[in-house]
2 protein chains.
Amino acid sequence: MIAIELLEKYGAIQKNFTKTAVIFKEGKLPAYYFQILSGEVKMNNYNDDGREFIQGIFYKNQSFGEPPLFLNQNYPASAVVVEDAEILCVPKESFMKLLNENPAISIKIIENLAQRLYYKSVMAAEISTHEPEHRVLRLIDYAIANFNFKKDSNGYLINFTRQQIGDLSGLRVETVIRAIKSLEKKGELKIINRKVYR
Amino acid sequence: MIAIELLEKYGAIQKNFTKTAVIFKEGKLPAYYFQILSGEVKMNNYNDDGREFIQGIFYKNQSFGEPPLFLNQNYPASAVVVEDAEILCVPKESFMKLLNENPAISIKIIENLAQRLYYKSVMAAEISTHEPEHRVLRLIDYAIANFNFKKDSNGYLINFTRQQIGDLSGLRVETVIRAIKSLEKKGELKIINRKVYR
DNA sequence: TTTGCTTTATGATTTGAGTCATAAATGTGA
DNA sequence: TCACATTTATGACTCAAATCATAAAGCAAA
C-alpha cells in the first residue's frame with residue numbers, strides 16, 4: 001500500500017466501479033497502477049470450457065495487477081469487481097517516475113510481491129499434491145492470516161462462498177461443500193447457519 | 001541477476017555444492033541471498049506421502065529463495081542441487097544494506113519477482129483447470145521462453161525429464177509420458193530418440 | 001410478497017488421471 | 001564389461017473427484 005497523497009502527487013485519478021465491472025481483461029497490456037480505496041476485486045481466468053480460476057481477491061488498501069506492469073507483458077488474468085469499488089489509478093509512466101524518485105517505495109513493492117509469491121508457492125504445492133480437505137483448510141488458514149476476517153466467539157468468520165473457495169483452490173463447489181462438512185465432523189472448523197468459522 | 005563485483009563488495013562468499021546437496025530446507029529461516037554462478041538448483045516440496053512438487057528450476061546467473069528473505073518468514077520449500085553448483089551467498093544483513101544503498105537494484109529485484117509471479121499465475125490456472133496435455137504444453141512453452149534451451153533443426157530441445165515435467169505440472173510420470181506421446185501424434189512436438197523437441 | 005437469482009446441499013453416476021505391475025533402453029560408475 | 005540406477009514405455013485396474021440431477025434455503029429487488 002502506497003500513501004494516497006503520494007499517488008495523487010503523481011497524477012492518480014479515482015475511478016468508481018460497480019459489482020461485476022471488468023477493470024482490465026486477460027491478454028491486454030497494462031496502462032495503470034491500481035490501488036483499492038474501498039470495495040473488493042478479484043483476478044481470474046477462465047479455461048476453454050468456461051471454468052473459473054481465481055488468482056486472488058483484493059481488498060481496501062491493496063494493489064493488484066502490478067507484475068505485468070513492470071514487465072510490459074499482457075495481463076495473465078482479468079480483474080473483476082466483486083463489491084462496488086473505488087480505485088485509484090496512476091498512469092504507468094508517472095508510476096514508474098514515482099518508483100524512481102522514491103526508493104523506499106520499491107522496498108514496499110518488493111515485500112508485497114514477495115508476499116504474493118509466497119502465497120502462490122504454498123497454493124501451487126497444495127493444489128498439485130494434496131487432497132481436497134487439505135487444500136480447503138490451507139486456503140482458509142492463509143485467508144485468515146492475510147485478510148481481515150472478523151473474529152468472534154465462534155472463531156474467524158470465513159467470508160468466502162463455497163464457490164469462491166473452489167475457484168481459489170481448483171475444486172468444484174460440490175467437492176468444497178463435502179470437504180467442509182467432513183472438516184466440520186473432524187472438528188477442524190464450525191458451520192453455523194451455513195457460515196464457516198475457524 | 002546482480003553484478004558479481006557488487007555482491008562481493010557486500011561480503012558475498014562462494015560455496016560449492018554437489019548434486020543432491022540441500023542448500024536450505026523447507027521451514028527454516030533464510031539467512032542468505034543466493035545467486036548461481038554455475039550449475040542447476042531446484043526448489044521443491046514433498047507432501048505427506050512423499051510426492052514431490054517442483055516450484056521452479058534455476059540456472060546460471062539466477063537467484064532463488066528471496067521472498068522469505070524479504071518477509072522474515074520460513075522457507076515454503078527446500079532448495080536442492082540438480083547439477084553440481086557454485087553459488088554466491090550474501091548474508092542477509094549485508095544484502096539488505098546493499099539494497100538500501102543501491103536503489104537501482106531494487107527495480108531489478110522487482111522485475112525478477114514479477115516474472116516469477118507471472119509464471120506462478122499462469123501455472124496455477126493451468127494446473128487447476130486444464131487437462132494434462134494443455135498443462136504439459138504450457139510448461140514446455142514457458143520453459144522455452146525463460147530458460148536457455150538449445151535450438152537446432154528439430155526445434156527447441158526440452159531439457160527436462162518426464163519426471164521433472166510431472167513434478168513441475170503436478171502430474172504423474174506415466175501421465176506425462178502419455179500426454180507427450182499424444183501431443184506428438186497431434187504434431188505439437190517431436191520425440192527424437194526419447195528427447196522432446198518443440 | 002412474489003419472482004428470480006445465488007448459495008448450500010445431497011445422492012447417483014461417470015470418467016480420467018492415478019496406481020500398479022512389468023519391462024526395455026539408456027546411462028553411470030565400479 | 002558388468003552391475004545397478006534412471007528414464008521411458010505400456011497395459012490393466014482403481015478410485016476419488018467431477019459431473020449430473022435435483023431441491024431447499026436464503027437474499028435481493030421489483
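Order of the sequence lines fixes the chain letters, A, B, ..., with proteins taken first and strands second; residue numbering starts at 1 for each chain.
Looking at residues 167-177 of chain A, you'll see A:G170, A:L171, A:R172, A:E174, A:T175 sit with a heavy atom under 4.0 Å from some atom of DNA chain D.
Hydrophobic cluster membership of B:Y32, counting Ile, Leu, Val, Met, Phe, Trp and Tyr whose side-chain heavy atoms lie under 4.5 Å apart directly or via other members: B:F17, B:I23, B:F24, B:F34, B:I36, B:V41, B:M43, B:F58, B:F64, B:Y75, B:V81, B:I87.
Electrostatic pairing of B:K42 and B:E52 counts as a salt bridge here, judged by a charged N lying under 4.0 Å from a carboxylate O.
For A:N193 and C:dT7, the CG to P distance is 16 Å, given to the nearest whole Å. Taking atom CZ of B:R162 as the reference point, atom P of C:dG27 lies 13 Å away to the nearest angstrom. Going from atom NZ of A:K195 over to atom C1' of C:dT8 covers 11 Å, rounded to whole Å. In this structure, B:I191 atom CD1 and C:dA25 atom P are separated by 16 Å, rounded to whole Å.
Protein chain B contacts DNA chain D over a range whose 5' and 3' limits, counting nucleotides with an atom under 4.0 angstrom from a non-hydrogen atom, are D:dT7 to D:dA12.
At a cut-off of 3.5 angstrom, counting only N and O atoms as typed in the model, there is a donor on one side and an acceptor on the other between the side-chain of A:R178 and the base of C:dG11.
Hydrophobic clustering of Ile, Leu, Val, Met, Phe, Trp and Tyr side chains at less than 4.5 Å, counting indirect connections, keeps A:V80 apart from A:I165.
Comparing A:R194 and A:D49 against DNA chain D, the residue whose closest nucleotide sits nearer the 5' end is A:D49.
One finds the CD1 atom of B:I127 at 9.0 Å from the CZ atom of A:F53 (value rounded to the nearest 0.5 Å).
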